[in-house]
**Student:** 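This is the structure I want to talk about, given as structure tokens.
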Amino acid sequence: MSEILVLGGDGFCGWPTALHLAAHEDNRVTIVDNLSRRRIDDELGAESLTPISTMQTRLEAWEEIAGKERAIGFAEIDIANDYYGILDLINRHGPDAIVHFAEQRSAPYSMKNPETAIYTSDNNEAGTTRVLTAIANSESKPHLVHLGTMGVYGYGHLGKTPIPEGYQEVTVPTDEGPKQSEILYPADPGSIYHMTKVVDQAKFAAYAKFYGLRITDLHQGIVWGTQTDQTKMDQRLINRFDYDGDYGTVLNRFLMQAAIKHPLTVYGTGGQTRAFINIQDTVRCIELAIKNPPEEGDRVAIHNQVTETYRVSELAELISGLTGVAIEYLPNPRAEAAENDLVVRHEHLEGFGLEPTTLADGLLEEVIQVARKYAHRADKSVIPPSSYWNGEVPAAKQLGDKVAGAV
Ligand code: NAD
Ligand code: USQ
């Protein structure tokens, strides 16, 4: 029997992961979430395209379908502010693993205004500190599986040289001549949000060294798709589908835009190459990471949770070809290279047994069907980008209206 806590289990990746883990008879799952993502939707005047249920309805529906023994627990805790709440939960449940999704994850939101930048830094960094400190001071010292990002590496500034899984071999000149070593791959974050994941990495290395904690950091690419085997089982279990300018990620935005016949919003030339993974593979990767922990005393295990890489323009052309929807090239609101190559090693998770789902598998059409089904809920006004950090930021946008006094 494995006890697992899923921090951020109300979110896009966390909810289907909690269900996937709870579906196995050996696991007992408890979700921890402060429901902040739902509050940010209200703040932005945006909503998931799919009609997501309340946490209570989600949990009741799951128990009805899977039975009492498979029921998922829930604790409403703000992990950035409640150290003793996390410690108490760990000591009461004695989990074998904690999956940590609970961070503010939108790059555009983190660059929107001073308030959202400071919130993102504070929330993500304080949450990770409290979780690590609670694990170090707990009785069971569970394995921590954290969702990091490919964005800690930057995107292929070394051209076609593959990005390794976390660690780079280097030769260091020393008094005794050149010595071989391995260091964390040099960080190159592209937003405040991505920067918080770089800070997380340094904390993981330190806590693994100081306290012998077992930590896995999954450097995930952009997740696409929406449904998994469990979220499809009942309308009340449906996963969220973000499409607004802040939280909608590129491929899901294009799929949703195609479904409502909105021109596909390519930023700049679309020459940006990024790494991708389907949501069904995300949940499988988490399970594989839990089953393959590092040993106590090992350095942090880092796996690139990625299955494919694509150029943004390639994706737009693919979906335009599939649906006949036009492509619109918009001025890029972000500070990023107009074009980049990106070659990424991703052998660890496949070595544990992941069989990658690829874009060619017909899932694009399935996601368009989901988006078509809920097209009547689409609010076109939230589709354009509304966060700018490319040096041409209108002062009003940078400062926002609500900022004064709050930071
Ligand atoms: P999400 O915003 O949908 O979910 C995050 C969840 O964490 C939300 O339910 C939110 O309420 C909760 N949360 C945030 N701060 C919290 C706090 N202080 N206390 C308790 N709960 C808190 O995001 P997601 O897309 O599910 O991403 C999950 C993780 O995966 C993130 O850490 C993100 O960086 C990482 N990731 C996501 C993607 C992607 O494409 N979605 C890609 C790579 C990595
Ligand atoms: N883009 C467009 N048009 C759009 C939206 C985005 O051209 O309508 C472009 C962006 O300019 C960017 C690329 O698509 O070059 C990716 O943008 P994105 O919003 O899909 O992804 P990103 O901001 O990188 O963030 C997402 C998740 C984040 C995660 C990251 C993984 O929100 O949590 O960490 O993907 S990665 O990109 O591999 O670092």
Side-chain angles (χ1 to χ4, degrees), residues 6-17 31-41 48 55 75-82 85-86 99-111 119-120 122-124 126-128 130-131 146-155 189-191 193-194 196-197 200 218-224 239-240 242-243 245-254 257 264-277 279 282 286 304-306 309 311-313 315-316 328-330 332-334 336-338 340 342 344 383-385 390:
V6 179
L7 316 182
D10 188 42
F12 169 60
C13 298
W15 173 241
T17 299
I31 287 175
V32 176
D33 205 295
N34 66 348
L35 309 180
S36 52
R37 179 68 192 85
R38 292 178 188 248
R39 286 193 288 278
I40 293 176
D41 265 349
S48 164
M55 178 50 84
E76 188 170 342
I77 293 178
D78 178 353
I79 65 156
N81 279 300
D82 190 0
I86 307 164
V99 188
H100 177 16
F101 291 103
E103 297 185 90
Q104 192 302 100
R105 71 101 174 131
S106 157
Y109 185 78
S110 77
M111 303 298 285
Y119 164 71
T120 303
D122 288 354
N123 183 65
N124 295 4
T128 297
R130 277 155 187 72
V131 170
H146 172 256
L147 268 292
T149 175
M150 281 299 299
V152 296
Y153 303 123
Y155 306 103
S191 72
Y193 153 71
H194 288 98
T196 67
K197 298 284 188 181
D200 282 347
L218 299 169
H219 288 180
Q220 186 169 237
I222 301 171
V223 182
W224 65 277
N239 197 16
R240 64 180 304 133
D242 295 308
Y243 66 95
D246 285 323
Y247 279 89
T249 51
V250 64
L251 181 49
N252 273 7
R253 269 165 68 78
F254 289 174
Q257 291 163 359
L264 309 180
T265 55
V266 172
Y267 298 162
T269 60
Q272 313 90 313
T273 308
R274 292 291 183 272
F276 292 86
I277 184 163
I279 185 75
T282 289
I286 305 294
N304 292 341
Q305 191 162 305
V306 163
T309 57
R311 245 175 235 285
V312 167
S313 57
L315 293 175
E328 188 179 8
Y329 291 86
L330 301 171
N332 196 336
R334 308 182 184 197
E336 58 186 4
N340 67 281
L342 183 64
V344 185
I383 292 178
N390 61 3

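Atoms within each ligand, like the ligands themselves, are counted from 1 in listed order. We use all heavy atoms of the structure for the numbers below, so side chains are in, but hydrogens, waters and symmetry mates are not.
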**Student:** Of the backbone atoms (N, CA, C, O) and the side-chain heavy atoms from C-beta on, which set of Tyr247 has a member under 4.0 Å from an atom of ligand 2: side chain, backbone, both, or neither?
**Tutor:** neither

**Student:** Between the side chain of Ser313 and the main-chain N/O of Gly270, is any donor-acceptor distance below 3.5 Å?
**Tutor:** yes

**Student:** Looking only at protein heavy atoms, identify the closest one to atom 38 (O) of ligand 2 and say how far it is in Å.
**Tutor:** Met150 CB, 3.2 Å

**Student:** Strictly less than 4.0 Å: does any protein heavy-atom distance to atom 25 (O) of ligand 2 fall in that range?
**Tutor:** no

**Student:** What is the closest protein heavy atom to atom 21 (O) of ligand 2, and at what distance does it sit?
**Tutor:** Ile222 CD1, 3.7 Å

**Student:** Can you list the ligand 2 atoms lying under 4.0 Å from a non-hydrogen atom of Ala107?
**Tutor:** 23 (O)

**Student:** Are there any N/O pairs under 3.5 Å between ligand 1 and the protein, and if so, what are their distances?
**Tutor:**
{"residue": "ligand 1", "atom": "3 (O)", "partner": "Phe12", "partner atom": "N", "Å": "2.9"}
{"residue": "ligand 1", "atom": "9 (O)", "partner": "Gly11", "partner atom": "N", "Å": "3.2"}
{"residue": "ligand 1", "atom": "9 (O)", "partner": "Asp33", "partner atom": "OD1", "Å": "3.4"}
{"residue": "ligand 1", "atom": "9 (O)", "partner": "Asp33", "partner atom": "OD2", "Å": "2.7"}
{"residue": "ligand 1", "atom": "11 (O)", "partner": "Asp33", "partner atom": "OD1", "Å": "2.6"}
{"residue": "ligand 1", "atom": "11 (O)", "partner": "Ser36", "partner atom": "N", "Å": "3.1"}
{"residue": "ligand 1", "atom": "11 (O)", "partner": "Ser36", "partner atom": "OG", "Å": "3.2"}
{"residue": "ligand 1", "atom": "11 (O)", "partner": "Arg37", "partner atom": "N", "Å": "3.1"}
{"residue": "ligand 1", "atom": "15 (N)", "partner": "Asn123", "partner atom": "ND2", "Å": "3.1"}
{"residue": "ligand 1", "atom": "18 (N)", "partner": "Asp78", "partner atom": "OD1", "Å": "2.9"}
{"residue": "ligand 1", "atom": "18 (N)", "partner": "Asn123", "partner atom": "OD1", "Å": "2.8"}
{"residue": "ligand 1", "atom": "19 (N)", "partner": "Ile79", "partner atom": "N", "Å": "3.0"}
{"residue": "ligand 1", "atom": "21 (N)", "partner": "Asn34", "partner atom": "N", "Å": "3.2"}
{"residue": "ligand 1", "atom": "21 (N)", "partner": "Asn34", "partner atom": "OD1", "Å": "3.1"}
{"residue": "ligand 1", "atom": "25 (O)", "partner": "Arg105", "partner atom": "NE", "Å": "2.8"}
{"residue": "ligand 1", "atom": "26 (O)", "partner": "Phe12", "partner atom": "N", "Å": "3.2"}
{"residue": "ligand 1", "atom": "26 (O)", "partner": "Cys13", "partner atom": "N", "Å": "2.7"}
{"residue": "ligand 1", "atom": "32 (O)", "partner": "Phe101", "partner atom": "O", "Å": "3.3"}
{"residue": "ligand 1", "atom": "32 (O)", "partner": "Lys197", "partner atom": "NZ", "Å": "2.8"}
{"residue": "ligand 1", "atom": "34 (O)", "partner": "Tyr193", "partner atom": "OH", "Å": "2.5"}
{"residue": "ligand 1", "atom": "34 (O)", "partner": "Lys197", "partner atom": "NZ", "Å": "2.9"}
{"residue": "ligand 1", "atom": "36 (N)", "partner": "Gln220", "partner atom": "NE2", "Å": "3.4"}
{"residue": "ligand 1", "atom": "40 (O)", "partner": "Val223", "partner atom": "N", "Å": "3.0"}

**Student:** Decide yes or no on side chain to side chain contact (heavy atoms under 4.5 Å, CB included) for Cys13 and Leu147, but give the supporting numbers first.
**Tutor:** CA-CA 10 Å; Cys13 298; Leu147 268 292; 5.7 Å; no

**Student:** In the protein, what heavy atom is nearest to atom 3 (N) of ligand 2, and what distance, to one decimal place, separates them?
**Tutor:** Thr265 O, 2.6 Å

**Student:** Please check this pair: side chain of Thr273 against backbone of Asn340, looking for a donor-acceptor N/O pair closer than 3.5 Å.
**Tutor:** yes

**Student:** Evaluating non-hydrogen atoms only, which member of Phe276, Tyr155, Tyr267, Tyr329 is closest to atom 7 (O) of ligand 2?
**Tutor:** Tyr267

**Student:** Should Asn34 and Arg39 count as side-chain neighbours, where that means a heavy-atom distance under 4.5 Å?
**Tutor:** yes

**Student:** Any donor and acceptor pair, going by atom type alone, linking the side chain of Arg253 with main-chain N or O of Ile383 inside 3.5 Å?
**Tutor:** yes

**Student:** Are the side chain of Gln104 and the backbone N or O of Asn123 linked by a donor-acceptor pair below 3.5 Å?
**Tutor:** no

**Student:** Under 4.0 Å from a heavy atom of Gly221: give me the atoms of ligand 2 that qualify, with their elements.
**Tutor:** 31 (C), 38 (O)

**Student:** Determine, for Tyr247 and Arg37, whether the Lys NZ or Arg CZ falls below 6.0 Å from the six-membered ring centre while staying within 45 degrees of the axis.
**Tutor:** yes

**Student:** Within the 4.0 Å heavy-atom shell around Gln220, which atoms of ligand 2 are there?
**Tutor:** 31 (C), 38 (O)

**Student:** Closer than 4.0 Å to some heavy atom of Arg253 - which atoms of ligand 2 meet that?
**Tutor:** 4 (C), 5 (C), 8 (O)

**Student:** What I'd like to find out is whether the side chain of Val344 reaches to under 4.5 Å of the side chain of Tyr153, using heavy atoms alone.
**Tutor:** no

**Student:** Apply the side-chain hydrogen bond (donor to acceptor under 3.5 Å, both in side chains) test between Lys197 and each candidate in Glu103, Gln220, His219; give the one that qualifies.
**Tutor:** Glu103

**Student:** When you measure from atom 17 (O) of ligand 2 to each heavy atom in Arg105, His194, Arg334, Gln272, which option holds the nearest one?
**Tutor:** Arg334

**Student:** Is there a polar contact between ligand 2 and Gly151, counting only N or O atoms under 3.5 Å apart?
**Tutor:** yes

**Student:** Identify the heavy atoms of Ile31 and Asp10 that sit nearest to each other, and give their distance.
**Tutor:** CG2-N, 4.2 Å

**Student:** Backbone N or O of Tyr193 within a donor-acceptor pair of the Thr120 side chain at under 3.5 Å?
**Tutor:** no

**Student:** Within the structure, is a non-hydrogen atom of Gly270 found at a distance of less than 4.0 Å from ligand 2?
**Tutor:** no

**Student:** Please determine whether side chain to side chain contact (heavy atoms under 4.5 Å, CB included) holds for the pair Leu218 and Ile286, giving the CA-CA distance in whole Å, both sets of side-chain angles, and the decisive distance to 0.1 Å.
**Tutor:** CA-CA 8 Å; Leu218 299 169; Ile286 305 294; 3.7 Å; yes

**Student:** Could you pull out, from Val250, Asn390, Thr149, the option with a heavy atom nearest to atom 31 (C) of ligand 2?
**Tutor:** Thr149

**Student:** Tell me, which protein residue and heavy-atom name are nearest atom 12 (C) of ligand 2, and how many Å apart are they?
**Tutor:** Glu336 OE1, 3.5 Å

**Student:** Looking at Val152, is its backbone amide N or carbonyl O close enough to the side chain of Thr149 to form a donor-acceptor pair, meaning the two atoms are under 3.5 Å apart?
**Tutor:** no

**Student:** Determine whether Val250 and Tyr267 make a side-chain contact, defined as any pair of heavy atoms from C-beta on separated by less than 4.5 Å.
**Tutor:** no

**Student:** Report yes if some N/O of Thr249 lies less than 3.5 Å from some N/O of ligand 2; otherwise report no.
**Tutor:** no

